[in-house]
Amino acid sequence: MIDYHFDWSVIARNSDKLIDALILGLWLAVVSLAIGSVIGLLAAYARVSGKWWLSRPVWLYVEFIRCTPLLLLIFLIYFGLPEFDISFLNKTQSFVVSLSLYAGAYMSEVFRAGLASIPKQYVEAAKAIGLRPWQRQAYVILPVMFRITLPSISNNLISLFKDTSLAAAIAVPELTFTARQINANTFRVMEVWLTASALYLVTAYLIAILLRLLERRYAAIR
Amino acid sequence: MTDQPLLQATAVHKSFGDVEVLKGIDLTVRQGQVVSLIGASGSGKTTFLRCVNLLEEHDGGEILLDGDPIGYRDIGGKRRRLSEAKVSAQRARIGMVFQQFNLFPHLTAGDNVMLGLTKVLGKSKAEAREIAGHWLGRVGLAERRDHYPYQLSGGQQQRVAIARAVAMQPRLLLFDEVTSALDPELVAEVLGVMHALADAGMTMLLVSHEMLFVRDVSHHVVFLDKGRIAQQGRPADVFDNPENERLRSFLGRFHGLFGRASAAS
């Protein structure tokens, strides 16, 4: 370690690759959060539906995801689906499917808590002006729930962004995979991993700040 | 005022589990009439009000609005609940103002009023904006239309809530203890708005503990006791000649407000 001489030129030479990889990671996180939110919302409604044939399978899905490692899910989908002749997914798409399913399980719990915490009085006011059930959801319950759950959604986005590093395991060229490749070609271990860490840290922190601004804007409305 | 019964309740029953809260309420509200429900807490007044627009489901009896049964219909001798769409349409004809205002927190005052106009009554944005402006003006809040509920005082929020209910041009307006959650100095502004609506001929059914206001604004006062109507009549009869023992003792709590009642207790 004492003999280690830092040579940061390796980073400058590979900066394009690293930035592209970072952007891919961000994109993977945002897309998975978006798809996961849709899955999560449907799952949350299924959980609160009071119909066992809807809530039971969803409960199984949520517990399966929560109690198994994400990496396992990634392998299961990437290596498993082709065994069933489902091979139209490339590795990036396959990873998005995994991360979205993973996000969906966590988002369903966020939304379930959010739906449960909507004050009854808003629902009654919505009923009293004659809004139909779906209108009450669309114009009152969901907008209020979104504001209540925004801090949890922010946390999930940051977690998902960090979890995109697991895509390296199936050779999706995101930041961790790219850093490992540069590392393998240049043997500049510390420079590359420190830079990758710094990029994760700064990006995650910027996301947190941005979302906190958004939260503040909406928190005032509650 | 006409003799046309707008709301007609017959033998309305309601239980929560084993507790029977309404034990057969018969009540008629005519068009243009202001009817007030008074009584101790737990007497069933709020529950009855909530049954009228189906925030609670009555277990027995019938509530007719313009001759149209609310919430339920007899089909082949069986009592069946109407579809949610039909119930929603019925609710749109009845306005309700709540104790806790219940403004939508994510919408401005103007948007709170406009939501029902555009989504329920199908009015255009422009028309809804004009109607909302008109009613916010009537409750003295024209310049607050872009404020969110959290930026308004309790009294202002309640006035927006009244504007939201009345802008829908309901056949009947329900007021559920609308001043109970307000600081004393804010009560007058809300009662003033309600008084103006009553003067304009709005049909109103209200639950209130503001006895002076009730006496002043009502055409008919109903005293509920343990889920039954114990006495009803013109305000002068109810407040000045309380025949019912429980009513006398109830009015006695409002020390000095009513001559004979306070003397009797």
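Every chain is numbered from 1 and lettered A, B, ... according to where its sequence line falls, protein lines coming before strand lines. Model, not experiment: these values are computed from the prediction.
Of the two parts of Arg93(B), neither the backbone nor the side chain holds a non-hydrogen atom closer than 4.5 Å to a non-hydrogen atom of chain A.
Heavy-atom neighbours of Tyr205(A) OH from other residues, nucleotides or ligands within 6.0 Å: at or below the threshold of 12. Residue Arg73(B) places its CZ atom among more than 12 non-hydrogen atoms of other residues, nucleotides or ligands, all under 6.0 Å distant. Heavy-atom contacts from other residues, nucleotides or ligands closer than 6.0 Å to CZ of Arg81(B) number more than 12. No more than 12 heavy atoms of other residues, nucleotides or ligands sit less than 6.0 Å from atom CZ of Phe84(A).
Using a 4.5 Å cut-off on side-chain heavy atoms (C-beta onward), Tyr139(A) and Thr118(B) make no contact. Contact check for Gln121(A) versus Phe98(B): no side-chain heavy atoms found under the 4.5 Å cut-off.
Of residues 152-168 of chain B, those residues lying under 4.5 Å from chain A by any heavy-atom pair are Arg164(B), Met168(B).
Between chain B and the residues Lys127(A), Gln135(A), Arg136(A), the largest count of heavy-atom pairs under 4.5 Å involves Lys127(A). The greatest number of non-hydrogen atom pairs below 4.5 Å with chain B, out of Ala128(A), Pro133(A), Gly130(A), Pro119(A), is found for Gly130(A). For the set Gln151(B), Glu84(B), Met96(B), Gln90(B), the count of heavy-atom pairs under 4.5 angstrom toward chain A peaks at Glu84(B).
Contact detail for Tyr122(A) and Phe104(B): the closest heavy-atom pair is O-CE2, 3.5 Å. Minimum interatomic distance between Leu115(B) and Ile129(A) (heavy atoms only, all atoms of both residues): CD2-CD1, 4.3 Å.
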